[in-house]
Amino acid sequence: MQLLQSELAPESVLPAPLYDMAFKGARVQREKRLQVVILALLVVSLAAPGPFSSARASAWELDPAATRIAFSVKNLSVAYVDGTFRLASSRVVLDDGDLSRSTIEAVIDADSVDTDEPKRDAHLRSADFLDVTRYPTIAFRSTRVEQADGDDWKVTGNLTLRGTTRPVVLDVQRSTAEGSRASAHASTAIDRRDFGITYSGYAVGKQVAITIDAVGIKTAADAPPG
C-alpha cells in the first residue's frame, strides 16, 4: 500500500540523434522514439541526475491528473483490497545518447491513500501502516534502466516507504506516444514487511502488487548535460 502533482510546462522539441538509427531492421520514427522515452519515465523519487554521455538531455514530467498509481493486497486470506495514491511530484531526465543512463524521480503523497472506505483509509494512514504523520511521502529513485525484450524494459530503483529504502524492479510492458505526450504501464510487487509494516500478521497479506499507468509530458526546456 504505497505509492505514488507535477507542474506541467509547454512542450519542446525532442533532440533528433536517434531518429536515424537502425532498430531491428527498421528506421526509428518519432513514434518509436517517444515510446522509448516513456519507458524511462517509470517508476514511481528524489533522484539527482547522474553523469550523461550525450551533450543534450531532455526533461519530462508525469501528469499527476492522468497518472494512476494503484495497489492490491490480500485481506484475511480471502478478498483483495484495492486502492490508489496520488502523484505529488516527478522529474525524468533522459540521456539522448544512452537511455540506460537516464534518471527518474517520483514522489507520492502517502496521505492520499484511497480504498473507497474512509475508516479503512484512516487506519492505513495510522502508525500501524503508513504512519503518514511521520512519513508523509513515498519516493522512488531510479538506479538503472535496461531493455528486457523488444519493447519491454526493466527500471531498477530505490523505493523509500515509511522511512525505509529498499530496491525494487519495475516491469514495463507497453507504451504509446502522441506528440509531446507519452504513456506506459508498469508493475511490481513488494513485501510490506521489508518496509516495517508488520501489523496484523496473517490477517493482511504480505505481498503488495503495484501497478502504474503513467502519462509523461515534455517540459519546456531540455536539462543541461551533467
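Each residue takes its place number in the sequence, starting with 1.
Every residue two or more places apart in sequence or in another chain that forms a side chain to side chain contact (heavy atoms under 4.5 Å, CB included) with Ala65 is listed here: Asp63. Listed by chain and number, the residues in a side chain to side chain contact (heavy atoms under 4.5 Å, CB included) with Arg162 are Asp131, Tyr135, Ile197 (sequence neighbours excluded). Residues passing the side chain to side chain contact (heavy atoms under 4.5 Å, CB included) test with Asp191, sequence neighbours excluded: Arg193, Asp194, Lys206, Gln207.
Between the side chain of Thr219 and the main chain of Ala59, a donor-acceptor pair closer than 3.5 Å is present. Using a distance-only test at 3.5 Å, with no hydrogens or angles considered, a donor-acceptor pair links the side chain of Thr143 to the main chain of Thr156. Judged purely by atom type and a 3.5 angstrom limit, Arg91 has no side-chain atom pairing as donor or acceptor with the backbone of Glu105.
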Residues Ile212, Phe85; criterion side-chain contact (heavy atoms from CB on, under 4.5 Å); working and verdict: CA-CA 10 Å; Ile212 304 165; Phe85 286 93; over 6 Å; no

Criterion side-chain contact (heavy atoms from CB on, under 4.5 Å) on Leu161 and Leu130, from CA distance to verdict: CA-CA 8 Å; Leu161 169 65; Leu130 297 172; 3.8 Å; yes

Candidate pair Val204 and Arg192, rule side-chain contact (heavy atoms from CB on, under 4.5 Å), full reasoning: CA-CA 10 Å; Val204 179; Arg192 64 183 176 88; 3.7 Å; yes

Stepwise side-chain contact (heavy atoms from CB on, under 4.5 Å) check, His185 with Val172: CA-CA 6 Å; His185 174 86; Val172 182; over 6 Å; no

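The two atoms that bring Phe71 and Thr115 nearest to each other are CZ-CG2, 3.8 Å, heavy atoms only. Of all the heavy atoms in Val73 and Gly205, the pair that sits closest is CG2-O, 3.4 Å. A pairwise comparison of heavy atoms in Ser142 and Val155 identifies CB-CG1, 4.2 Å as the closest pair. Closest heavy-atom contact between Thr67 and Val215: OG1-N, 3.2 Å. Closest approach of Asp82 and Ser72 over heavy atoms only: OD1-OG, 2.7 Å.
The side-chain contact (heavy atoms from CB on, under 4.5 Å) test with Val81 singles out one residue from Asp116, Leu76, Val208, Asn75, and that residue is Asn75.
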